[in-house]
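What follows is one structure encoded as structure tokens, with my remarks underneath.
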Amino acid sequence: MTESPVAATADMPPGFLSGLGQALPIVLGYFPIAFSFGVAATRAGLSGAEATFLSLVIYAGASQFLALALVTSGAPVLVAAFTLIAMNVRHVLYGPALMRAAGRDGRRRHAWAWAWGLTDEVFGQALGALARGQRFSEGYMFGLGLAAYVAWVSGTGLGAWAGGGALEGWPALNAGLGFMLSALFMALLLSILSRTALPAIAVAAAATVAGTLAVSGTAGILAGMIGGALAGMARR
Amino acid sequence: MSGALIAMAVLAGAANWAFRALPTMLMRREPHPGGLAARFLAATGPAAIATLFVASVLPQLYPAPRDLVPLAVGTAMTVLAFWPRRSVVAGTLAGAAAYAVAFWASG
């Protein structure tokens, strides 16, 4: 049977531009945080070029703020590097989970490039889109990841250039932008909510709270992700 | 730019790339449907998103609760704006805007 042009278009996987468009909440969430990082980095004694270099090369929010503390405290290079590395181990789960959700569309030819952009938020947005029935494409991943990366690096550069106090005159705007990533995670959670996912969600939430209160924020995140995934795996 | 800063950033960045790209590139085959690996990976997404949401709001609740009204209003508006069209963009932007307005009104 010949497929109608309309149906064929509707079934086309989204491309690069679609990824750029769907990155809007991530861009709006990343920019103020990266801006804050640029401000904090210059306050810690780094130049604008050094702050932007950290965002360009490390590209991981929380660990970059930790990097500032380590650098200013004079921690040895290897100790600092391995501390930062330990904070991001959770990312090893994202690619395989995304490929599993992508099913037969899960192409990986250019994964060496687009997977660099597979941050928490990009992973969540891509997974949410697949859960809503969207098809996977590497072009979409490039668009989503590139917009987020550019927002992160440019936000850092602008923050370093502007210095402290740029958003302090706009406390409500600053607060709203600060809530953007929480709102994004909430909306993503709603988009993937199902009876099957409930045990993983409930256990992840409880383990995150327990791990954070008992040990640290990083431990809470690892406990939540692994505990939730194990709870989902145990469910038949 | 100091050599130590460059070395730390390059080591951490290389590890981040490896964590994000290598597991995807080195997957040889799809996990067996219904198998333990497939169920673990299927649950990873919901677990990760739930974890990141809780981790992002927890500092506002503990140890000293702050800005609870904006948090409640922002979260409620995110849910309300998401449902009609199941739009993540609409939910996120409306939630953040409502948070800002509630922060300003309560401030």
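Sequence lines set the chain letters: A, B, ... in the order given, protein chains first and strands last, and positions in each chain run from 1.
- The distance from atom CZ of B:R86 to atom CG of A:L193, rounded to the nearest 0.5 Å, is 8.0 Å.
- Between B:V88 and A:Q22 there is no side-chain heavy-atom pair separated by less than 4.5 Å.
- Between A:W116 and B:R20 the shortest heavy-atom distance is O-NH1, 2.8 Å.
- Of all the heavy atoms in B:A9 and A:F53, the pair that sits closest is CB-CE2, 3.7 Å.
- Remark: the backbone N or O of A:I58 is paired with a side-chain donor or acceptor of B:N16 at under 3.5 angstrom.
- Once rounded to the nearest 0.5 Å, the distance linking CD1 of B:I49 with CZ of A:F185 reads 8.5 Å.
- Judged by distance alone, the side chain of B:W17 and the main-chain N or O of A:W112 form a donor-acceptor pair under 3.5 Å.
- Contact of B:F103 with chain A is made through the side chain alone, with heavy-atom distances under 4.5 Å.
- Remark: side-chain polar atoms of A:R108 are paired, donor with acceptor, to backbone N or O of B:T24 under 3.5 angstrom.
- Atoms CG and CG, on B:L52 and A:L184 in that order, are 10.0 Å from each other to the nearest 0.5 Å.
- Residue B:Y62 touches chain A through its side chain alone, counting heavy-atom pairs closer than 4.5 Å.
- Note: B:T92 OG1 to A:M186 CE = 10.5 Å, rounded to the nearest 0.5 Å.
- Using a 4.5 Å cut-off between heavy atoms, B:L11 contacts chain A through both its backbone and its side chain.
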